[in-house]
Trainee: 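Encoded as structure tokens, here's the structure I'll be asking about.
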Amino acid sequence: MSENLNSTWTADEMMTIAAARTLKDGNTCFVGIGIPSTAAILAKSMQAPNLFLIYESGTVNTNPQKLPLSIGDGELANHALTVVGMPEIFNYWLQSGRIDVGFLGAAQIDKFANINTTFIGQTYDAPKVRLPGAGGATEIAATCKEVAIIIRQTTRTFVKQVDFITSMGFGEGPGSRAKNRLRGGGPSRVITDLGILEPDPETLELTMTYLHPGVDINQAIENTGWELKVSPNLKTTKAPEQSELEKVRALVSTSDK
Amino acid sequence: MSENLNSTWTADEMMTIAAARTLKDGNTCFVGIGIPSTAAILAKSMQAPNLFLIYESGTVNTNPQKLPLSIGDGELANHALTVVGMPEIFNYWLQSGRIDVGFLGAAQIDKFANINTTFIGQTYDAPKVRLPGAGGATEIAATCKEVAIIIRQTTRTFVKQVDFITSMGFGEGPGSRAKNRLRGGGPSRVITDLGILEPDPETLELTMTYLHPGVDINQAIENTGWELKVSPNLKTTKAPEQSELEKVRALVSTSDK
Amino acid sequence: MSKFLELPQAIESYVKNGDLIAMEGFTHLIPFAAGHEIIRQKVKDLTAVRLTPDLIYDQMIGAGCIKKLIFSWGGNPGVGSLHRFRDAYQNGWPNKIEIEEHTHAGLTNRYVAGASGIGFAVLKGYSGSDLVDHTKNVSEVKSPFSDEVLTAVAAINPDVTILHAQQADKAGNVMMWGITGVAKEAVFAASKVIVTVEEVVEKFSPKFSSIIIPSNLIDAISVVPNGAWPSYASDFYERDNNQYIAWDEISKERENFSKWLDDEIYSKSATGKK
Amino acid sequence: MSKFLELPQAIESYVKNGDLIAMEGFTHLIPFAAGHEIIRQKVKDLTAVRLTPDLIYDQMIGAGCIKKLIFSWGGNPGVGSLHRFRDAYQNGWPNKIEIEEHTHAGLTNRYVAGASGIGFAVLKGYSGSDLVDHTKNVSEVKSPFSDEVLTAVAAINPDVTILHAQQADKAGNVMMWGITGVAKEAVFAASKVIVTVEEVVEKFSPKFSSIIIPSNLIDAISVVPNGAWPSYASDFYERDNNQYIAWDEISKERENFSKWLDDEIYSKSATGKK
């Protein structure tokens with residue numbers, strides 16, 4: 001975790017808080033494990049107490065009191081309204097189009113927000129680094145009304161071309177989602193440790209729309225593996241409030257318990 | 001209910017007991033409501049205490065203490081090992097081929113044990129008598145390893161041609177089940193108030209193999225709407241034992257409570 | 001998120017003339033009070049789907065609410081025929097009704113497809129039955145992996161699904177237990193959901209075979225004790241079988257039925273009764 | 001009907017070289033003790049299916065039990081990579097393994113089709129993913145009712161499914177609760193079923209979100225307290241996360257792993273441990 005020297009918070013804290021802020025109260029959110037999960041749980045203690053969290057493990061409307069270690073953590077089941085089998089999660093909840101926001105992480109992402117979590121380098125059959133694969137992400141990316149992606153921004157993660165499309169964002173641009181029969185709205189934002197990117201309404205290319213406080217645009221450009229588009233209305237993310245920092249720190253500290 | 005004048009039991013009692021006797025302990029039995037249900041519950045108090053009863057309402061391994069009024073009676077749920085949704089009953093239990101015996105009633109039956117429970121007389125669109133229809137019977141008849149049918153034998157019920165095939169027995173004879181993609185073994189016996197019929201191993205035509213005590217073969221022939229085949233080894237059903245009669249009467253009396 | 005509404009308001013808000021409506025409850029937890037309120041509000045031209053039409057749809061058919069019935073077993077369970085259904089279907093009184101008839105397995109899978117957000121489900125069904133010649137929304141698909149041919153049934157997606165359940169909690173979640181039939185699928189398949197409940201509790205207690213329907217799948221909850229009478233609500237009341245037997249007589253002739261409609265429905269207000 | 005057997009006897013009776021085996025349990029109730037006994041009995045050439053291979057299949061792969069892995073998410077949850085899986089897949093140690101990779105939704109529906117006794121299931125899945133080019137048993141079907149095209153996945157029917165659960169009753173029924181994943185589907189899809197349980201009880205008590213697996217779906221039950229360790233068993237013990245973290249180090253090098261295999265598996269007998 002890299003310290004942001006100009007501030008009293010870390011870049012990961014800023015990223016998590018910025019992600020949490022984007023979730024609307026009452027929304028139904030299908031959550032991937034890791035930082036997306038931390039951000040979603042954080043949002044419930046901030047502006048979205050009625051955020052309805054679903055995890056692929058079958059936990060429905062869960063309200064965990066500490067960070068889950070895995071997507072099937074007992075904490076998620078113990079604080080769920082109900083726990084159901086995975087066919088019900090994938091067929092009745094996700095596939096039916098009932099989820100407002102899918103919240104995903106990624107190992108690699110390209111300028112059309114296509115996600116790779118399968119392998120890095122060389123080929124599928126003989127990869128340099130083999131990653132876990134799809135899990136629930138492919139259908140989350142395909143189906144939710146919108147998708148938010150949380151990922152640290154570096155030239156290793158923000159790449160010109162992903163080595164494998166595990167979960168499609170906007171494919172090759174306008175028209176790709178329809179051609180591939182993806183029904184959801186696709187990625188609406190990518191939250192990084194440097195700022196926030198949103199797809200250009202016309203080209204669907206990810207465009208830097210926010211920088212976190214203390215981050216320079218050159219930092220973002222240097223940490224992006226393609227020629228980064230920057231919004232003419234580039235804004236600065238609101239700095240974390242003390243209460244937000246306290247909440248994220250309290251939450252992260254639960255994972256050590 | 002017609003009294004059998006030569007005996008101390010009614011024809012319906014004999015039919016129910018004869019049907020109950022055919023069920024093997026430990027078998028899995030998918031039960032239709034009415035006399036099939038009475039016979040199956042009776043069997044559990046006789047030779048088949050571990051008969052595993054499933055009803056289409058979702059009650060799994062139920063052990064009712066009184067006769068259910070309907071296929072979704074609370075008695076069935078209260079005494080079930082578990083109660084599941086109907087997709088699970090039809091897809092996972094029945095369609096998967098896990099049921100040993102399907103136990104069905106009928107309004108009409110023909111010599112190939114095809115069952116009609118849809119309408120009698122005239123046409124489907126303008127029937128003389130409209131019956132309830134298929135319910136679970138079509139797939140029970142198609143799928144169970146064997147099917148037993150319980151029906152009173154009269155020229156109204158044993159007809160040359162059923163007005164509608166709701167649930168297929170042997171169709172038009174050998175080959176019909178395969179042609180119609182029915183996977184189960186089909187009807188293995190028809191238990192009536194007069195005796196028992198079994199399909200001829202070659203022609204699959206229902207053949208009278210047992211007469212109940214006191215019943216004359218001419219009675220069976222007269223009460224059959226086609227030229228009834230009679231087994232050269234026609235046997236007489238063992239008369240009800242006192243304990244069997246006590247059990248069936250105790251059971252039937254529960255429905256008045 | 002569900003709102004707690006009085007039953008008349010719930011029906012008025014979410015049930016429209018011409019809707020495709022599903023009122024489920026397999027023998028158990030049949031939403032009779034809601035059905036009676038629909039009659040009282042003189043809703044018309046419903047396409048009504050239910051595995052077992054039972055007395056509830058017989059009453060709604062007799063009252064002229066239904067133009068098309070989709071079902072898989074149409075009798076008075078343990079008693080006999082549904083006379084109002086037959087009179088409408090065979091004689092067009094009070095209006096002609098169209099029918100679409102399935103097997104339980106087939107109609108159940110139509111709900112499964114509807115709940116799953118896909119246009120059809122596959123099963124081994126209807127085989128050997130003449131039903132397939134009279135029933136729309138049943139077809140075949142060939143496996144892309146082998147020579148297997150499966151039955152396909154079209155998804156059903158009700159405009160509104162109505163259920164009765166034992167309990168709601170204060171957050172507007174619903175719990176039901178005992179026989180739940182296709183309740184879950186009917187909820188997920190629907191655009192709008194109304195649930196009547198026996199009672200509101202602080203917190204649900206574990207029950208065998210219970211299912212919980214989250215608040216965000218429900219539009220309106222109405223607290224209607226005895227709202228499933230004369231069917232039953234497990235752990236609350238048993239089926240009033242005398243009513244099922246009596247219905248045979250009440251419904252046989254139009255005149256008797258019309259008197260019942262006046263006395264028991266139109267002149268009463270929306271409550272469950274016993 | 002299920003029989004109560006000692007774990008070694010259950011594995012010996014029902015797990016054969018070359019079987020298609022499913023050991024399910026989504027993070028929760030992973031049947032580790034059974035997996036270790038399979039290693040101990042040196043079962044070979046398994047085709048092993050599991051949504052999340054997790055440590056259990058990493059261990060079995062490293063021990064040389066598995067020739068093909070069918071999965072949809074292959075990591076050490078919350079920790080990192082599965083080193084034994086990668087070493088086998090990329091370097092062929094101790095043997096080459098073939099992989100067949102799916103999405104959770106797709107593999108879940110393969111189980112659903114298997115449980116349903118049909119050759120394939122339909123869903124909207126894999127769309128837009130490169131996975132479809134590398135994965136068998138995924139195809140398409142066109143709707144017979146409209147222009148809709150759905151994904152088809154082939155049924156999966158394990159020779160044997162192994163689960164861990166909290167309780168059995170004396171009649172050999174099993175109850176599990178908390179996260180159950182695809183447990184039900186894996187049971188119905190399988191020819192043989194082995195379940196290890198924490199304890200045997202006189203009578204089950206109601207639990208939220210519990211499922212009961214009837215005795216006639218189960219071949220053998222083995223009472224193995226802590227049989228899911230280091231994963232967890234809700235209401236019995238929590239996940240031993242230090243073990244998951246430690247596994248990263250143990251499994252990174254072949255030598256360390258081989259020592260672990262000798263010390264912790266081959267030289268021990270079949271019990272759950274903590």
Trainee: Just give me the residue among C/Pro53, C/Ala105, C/Ser72, C/Pro77 that pairs up with chain B most often, heavy atom to heavy atom, under 4.5 Å.
Mentor: C/Ala105
Trainee: Mind checking the CG-CD spacing from C/Asn109 to B/Glu139? Nearest 0.5 Å is all I need.
Mentor: 9.0 Å
Trainee: Has the side chain of C/Ser129 got a donor or acceptor atom that lies under 3.5 Å from a matching backbone atom of B/Thr166?
Mentor: yes
Trainee: Examine whether an atom of C/Leu82 lies under 4.5 Å from a heavy atom of chain B, and if so say whether it belongs to the side chain, the backbone or both; otherwise answer neither.
Mentor: neither
Trainee: Answer with side chain, backbone, both or neither: which region of C/Ser81 has an atom nearer than 4.5 Å to a non-hydrogen atom of chain B?
Mentor: side chain
Trainee: Check C/Glu101 with B/Arg130, please: is the shortest side-chain N to carboxylate O separation under 4.0 Å?
Mentor: yes
Trainee: Check whether any side-chain N or O of B/Glu56 sits under 3.5 Å from a backbone N or O of C/His104 as a donor-acceptor pair, and report yes or no.
Mentor: no
Trainee: Quick one: of B/Gly171, B/Gly58, B/Ala134, who has the most non-hydrogen atom pairs under 4.5 Å with chain C?
Mentor: B/Ala134
Trainee: Could you tell me which non-hydrogen atom of C/Arg86 sits nearest to which non-hydrogen atom of B/Val129, and how far apart they are?
Mentor: NH2-CA, 3.9 Å
Trainee: Hey, which of B/Ala80, B/Pro68, B/Gly135 has the most heavy atom pairs under 4.5 Å with chain C?
Mentor: B/Gly135
Trainee: What's the spacing between C/Asp235 CG and B/Asn78 CG if we round to 0.5 Å?
Mentor: 7.0 Å
Trainee: Is it the side chain or the backbone of C/Phe71 that comes within 4.5 Å of chain B heavy atoms, both, or neither?
Mentor: side chain
Trainee: Counting only heavy atoms closer than 4.5 Å, note whether C/Tyr232 contacts chain B via side chain, backbone, both or neither.
Mentor: side chain
Trainee: Determine the option with the most heavy-atom pairs under 4.5 angstrom with chain C, choosing from B/Ser167, B/Ala126, B/Pro127.
Mentor: B/Pro127
Trainee: Do you know which two heavy atoms are closest between B/Tyr124 and C/Tyr89, and how far apart they sit?
Mentor: O-OH, 2.8 Å
Trainee: So which of B/Gly85, B/Ala142, B/Gly34, B/Gly74 has the biggest tally of heavy-atom pairs under 4.5 Å with chain C?
Mentor: B/Gly74
Trainee: Can you tell which of C/Thr103, C/Thr52, C/Ile211, C/Asp133 has the highest number of heavy-atom pairs within less than 4.5 Å of chain B?
Mentor: C/Thr103
Trainee: For the residue pair B/Thr138 and C/Ser127, what are the closest heavy atoms and their distance?
Mentor: CG2-O, 4.1 Å
Trainee: Quick check on C/Lys142: does its NZ atom have over 12 non-hydrogen neighbours (other residues, nucleotides or ligands) under 6.0 Å away?
Mentor: yes
Trainee: Is it the case that over 12 heavy atoms from other parts of the model lie below 6.0 angstrom from the CD atom of B/Glu172?
Mentor: no
Trainee: With side chain to side chain contact (heavy atoms under 4.5 Å, CB included) as the test, would you mind laying out the steps for C/Arg239 and B/Leu69 before giving the verdict?
Mentor: CA-CA 9 Å; C/Arg239 166 163 146 141; B/Leu69 297 170; 4.2 Å; yes
Trainee: For the interface with chain C, which of B/Gly169, B/Ser70, B/Ala77 has the highest count of heavy-atom pairs at distances below 4.5 Å?
Mentor: B/Ser70
Trainee: At a heavy-atom separation under 4.5 Å, does B/Arg183 approach chain C through its side chain, its backbone, both, or neither?
Mentor: side chain
Trainee: Can you tell me which portion of C/Val79 sits under 4.5 Å from chain B's heavy atoms? Options are side chain, backbone, both or neither.
Mentor: neither
Trainee: Counting neighbours of CG on B/Asp125 that are heavy atoms of other residues, nucleotides or ligands and sit closer than 6.0 Å, is the number greater than 12?
Mentor: yes
Trainee: Counting only non-hydrogen atoms closer than 4.5 Å, does C/Lys124 touch chain B with its backbone (N, CA, C, O), its side chain (CB onward), both, or neither?
Mentor: both
Trainee: Pick one of side chain, backbone, both or neither for C/Tyr244, based on which atoms fall under 4.5 Å of a heavy atom in chain B.
Mentor: neither
Trainee: With a 4.5 angstrom heavy-atom cut-off, could you sort out which part of B/Thr59 is near chain C: side chain, backbone, both or neither?
Mentor: side chain
Trainee: What part of C/Ile99 gets within 4.5 angstrom of chain B, counting heavy atoms only: side chain, backbone, both, or neither?
Mentor: side chain
Trainee: With chain C, which of B/Thr118, B/Ile33, B/Asn91 has the greatest number of heavy-atom pairs at distances under 4.5 Å?
Mentor: B/Asn91
Trainee: Under a 4.0 Å threshold between the charged nitrogen and the carboxylate oxygen, would C/Glu140 count as salt-bridged to B/Arg181?
Mentor: yes
Trainee: Atom NZ in B/Lys128, atom CD in C/Gln90: separation rounded to 0.5 Å?
Mentor: 11.0 Å
Trainee: Out of curiosity, B/Phe119 CZ to C/Asp130 CG, how far, rounded to the nearest 0.5 Å?
Mentor: 8.5 Å
Trainee: What pair of heavy atoms forms the shortest contact from C/Trp73 to B/Gly133, and how long is it?
Mentor: CD1-O, 4.0 Å
Trainee: Anything under 30° is parallel, anything over 60° is perpendicular, the rest tilted; go ahead and classify C/His134 against B/Phe164.
Mentor: tilted
Trainee: Evaluate C/Ile179 against B/Ser57 for side chain to side chain contact (heavy atoms under 4.5 Å, CB included), listing each step before the verdict.
Mentor: CA-CA 7 Å; C/Ile179 291 168; B/Ser57 52; 3.8 Å; yes
